[in-house]
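Note sheet for the following structure.
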Amino acid sequence: MDNKNTNGNDLEAAKQLQIINELKIGFDQEYEKTGQRKTYHIETFGCQMNSRDSEKISGILKQIGYEETESENADFVLYNTCTVRENANNRVYGRLGFLGTLKKNHPGMLIALCGCMMQEASAVEKIKNSYRFVDIIFGTHNIFKLAELLQIRLDSKRMVIDLWKDTDMIVESLPSERKCSFKAGVNIMFGCNNFCSYCIVPYVRGRERSRNAEDILEEIRKLAKDGVIEVMLLGQNVNSYGKNLATPMTFAKLLTEIEKIDGIERIRFMTSHPKDLSDELIEVLKGSKKICRHLHLPIQSGSTRLLALMNRRYTKESYLTLVDKLKAAVPDISLTTDIIVGFPGETEEDFLDTMDVVKKVGYDCAFTFIYSKRTGTPAATMENQVEEPVALERFDRLLKEIHLSSAKSAGKDEHTIAKVLVEEVNTQDPTLLTGRLSNNFLVHFPGDVKLIGTIVEVYLAESKGFYYMGCLPK
Ligand code: 5AD
Ligand code: SF4
């Protein structure tokens, strides 16, 4: 973001705060009359960007006077949608049908849809025609306007639709909720300029915009003061952070500055694009005491021919060289990845290149996806779309290979003592706590709930493949 926009952002924030306060007066009066707060429920689909956006939505609604509820039978229900793959859209349509039935028995219920799927004209058309009970539709660029859209809806009683194609605004100073008191996601950039040929994200999240470094640092300093010890820096392509700032700055430099903030003990980030991962960043990783020993480095395909068709701008060989450099600099680094199977034109030979990379890298974990055709992306009109049975068969083979590879690397820290950020009471067994190692592996161990939110040393007694069972050292 250029600094010239900062004033515009502040003015917008002031306007929205005023509307929030106007609504709050009405909501408080109603609460005095009825003794009951109106409730809201957010259903978040998709990635960590959406989770962070949902925290912003929550912050605004709580400030207005809404109370959050687990139940979808709430006064205000919001779906923060994802559209990265076709089945993400189908899930939303399925849930919406159910919500329409709930609304029939819940007078005054409001329904809002937002997020990536709403940035697609065809999805919005379908909702306007087939789901007329939806009250508010907004997109990824104007979440900060939620209070204003709500006010318009309450005054007009019509479906309110506000969708922006793109924006250069970054309004980050509104009230925002933090789901967790010791871990926080921090947006460092928005949008994506990469246009990988299969991916809808650049069309629905707009052009790449970095936040000013000083704003990010200020936010993290405040978080640290509030007791946050781990930050997750969020962006579609964090390695190109800062390129479009008035005074350009590298991601490596930003990390160095964050490292200096007292109280912050762990720094994570995602997602990294291999083509932009610089030697400067590797040096910073190597020397850092706070940056976690985990890197999510999506490969997508191991075939150089397909990588070119995907517009990824690296080759199988350059990716493997990068992995070698990373492992040489940070030997205990854990690598994870994303892989797409069945991209248009994928041959058995291309697929074997992907299997080869999995074998050579030894990922701790990989997220695998069957290629999904996204209308509007270049890959959707490519010839030789792969038949589903072929893609499924390759997908199964790939999963087996990944299991082999992660089984090999898992357990390498067995019988050592490691630092663990204690996150919660174990969801299966309430006598145990669950925490996370720097390399992102989970550890379950007996301990006092008071340890939640702190970093403790745990003996990793037994590897269970994807997690460890541990105990506090004597
Ligand atoms: N089909 C399948 N997977 C996709 N991804 C993105 N677009 C598609 C698509 N059209 C995967 C990529 C990306 C992850 C978030 O989702 O692997 O890294
Ligand atoms: Fe999509 Fe590629 Fe951007 Fe990632 S880098 S969001 S895969 S276009």
Side-chain angles (χ1 to χ4, degrees), residues 44-53 81-91 115-117 119-120 122-123 140 166 187-210 234-241 243-244 251 269-277 295-303 306-314 319 335-346 350-351 354 357-358 363 365-382 385-386 388 390-392 394-395 398-399 402:
T44 307
F45 300 82
C47 68
Q48 306 208 19
M49 287 284 204
N50 265 14
S51 301
R52 178 72 195 109
D53 286 346
T81 63
C82 169
T83 187
V84 78
R85 286 169 293 274
E86 182 74 34
N87 59 0
N89 290 35
N90 292 337
R91 276 179 64 204
C116 294
M117 191 176 149
Q119 296 291 140
E120 280 185 284
S122 57
T140 52
D166 207 342
N187 293 115
I188 64 166
M189 60 199 302
F190 303 91
C192 181
N193 283 352
N194 288 316
F195 291 95
C196 301
S197 62
Y198 51 81
C199 185
I200 195 95
V201 168
Y203 306 90
V204 296
R205 288 256 168 197
R207 293 294 62 71
E208 195 173 289
R209 285 150 286 138
S210 295
L234 296 170
Q236 302 296 348
N237 179 12
V238 290
N239 298 329
S240 75
Y241 169 80
K243 286 189 180 155
N244 62 346
F251 180 53
F269 51 83
M270 76 188 317
T271 291
S272 288
H273 193 306
K275 81 175 164 57
D276 295 310
L277 203 150
L295 195 66
H296 186 65
L297 196 61
I299 171 102
Q300 311 299 1
S301 166
S303 151
L306 278 200
L307 286 169
L309 288 172
M310 287 177 165
N311 193 29
R312 291 290 289 176
R313 286 173 276 171
Y314 53 85
Y319 183 93
L335 294 172
T336 59
T337 199
D338 290 345
I339 301 172
I340 298 175
V341 174
F343 182 81
E346 184 187 69
D350 293 319
F351 175 68
T354 301
V357 172
V358 170
Y363 295 108
C365 171
F367 299 94
T368 47
F369 308 102
I370 291 184
Y371 168 73
S372 165
K373 203 182 204 179
R374 307 313 289 127
T375 309
T377 62
T381 51
M382 285 181 185
Q385 300 279 330
V386 175
E388 198 179 311
V390 176
L392 280 172
R394 287 180 190 159
F395 186 77
L398 180 63
L399 275 191
I402 289 164

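We count ligands from 1, going down the list as the structure has it; atoms in each ligand are counted the same way. Here the structure is a predicted model, which means the values were calculated and not measured. Only heavy atoms go into these numbers, but all of them, side chains included; no hydrogens, no water, no symmetry mates.
Within the coordination shell of atom 2 (Fe) of ligand 2, defined by N, O or S atoms under 2.8 Å, C196 is present.
Those atoms of ligand 1 with a heavy atom of Q300 less than 4.0 angstrom away are 12 (C), 13 (C), 17 (O), 18 (O). Close contacts between ligand 1 and R374 involve ligand atoms 10 (N) [criterion: under 4.0 Å to a heavy atom]. Close contacts between ligand 2 and Q236 involve ligand atoms 6 (S) [criterion: under 4.0 Å to a heavy atom]. Taking every non-hydrogen atom of Y371 and a distance limit under 4.0 Å, the qualifying atoms of ligand 1 come out as 1 (N), 2 (C). Ligand 1 places these atoms under 4.0 Å from at least one heavy atom of I340: 3 (N), 4 (C), 5 (N), 12 (C), 17 (O). Within ligand 1, the atoms closer than 4.0 Å to a non-hydrogen atom of S372 are 1 (N), 2 (C), 9 (C), 10 (N), numbered from 1 in the order shown. Which parts of ligand 1 touch V84 is read off a 4.0 Å heavy-atom cut-off, strictly below it: atoms 6 (C), 7 (N), 8 (C), 9 (C), 10 (N). Taking every non-hydrogen atom of F195 and a distance limit under 4.0 Å, the qualifying atoms of ligand 2 come out as 8 (S). Against a heavy-atom cut-off of under 4.0 Å, C192 is close to the following atoms of ligand 2: 3 (Fe), 5 (S), 6 (S), 8 (S). Near I370, the atoms of ligand 1 lying under 4.0 angstrom from a non-hydrogen atom of the residue are 2 (C). Atoms of ligand 2 found under 4.0 Å from any heavy atom of H273 (numbered from 1 in listed order, with element): 5 (S).
Using the six-membered ring where Trp is involved, F367 and H296 have ring planes that are perpendicular, over 60° apart on the 30 and 60° scheme. Under the 30°/60° scheme for interplanar angles, the aromatic rings of F251 and F269 are found to stand perpendicular.
Although no hydrogens or angles enter the test, the distance criterion places a donor-acceptor pair under 3.5 Å between the side chain of N311 and the main chain of N194.
Shown are E208, Q236, R209; of these, the side-chain contact (heavy atoms from CB on, under 4.5 Å) with N193 is made only by E208.
Atom 7 (S) of ligand 2 has its closest protein heavy atom at Y198 OH, 3.4 Å. Ranking the protein heavy atoms by distance from atom 5 (S) of ligand 2 puts N194 ND2, 3.4 Å first.
Residue-to-ligand polar distances keep K373 apart from ligand 1: every N/O pair is separated by 3.5 Å or more.
Using 4.0 Å as the threshold, R205 has no heavy atom nearer than that to any atom of ligand 2.
For E86 and S372, the side-chain atoms include no donor-acceptor pair closer than 3.5 Å.
Nearest heavy-atom pair across T354 and S303 is OG1-N, 4.3 Å. Shortest non-hydrogen contact noted between T83 and N89 is OG1-OD1, 2.9 Å.
Contacts between P202 and ligand 2, counted as non-hydrogen atom pairs separated by less than 4.0 Å, involve the side chain only.
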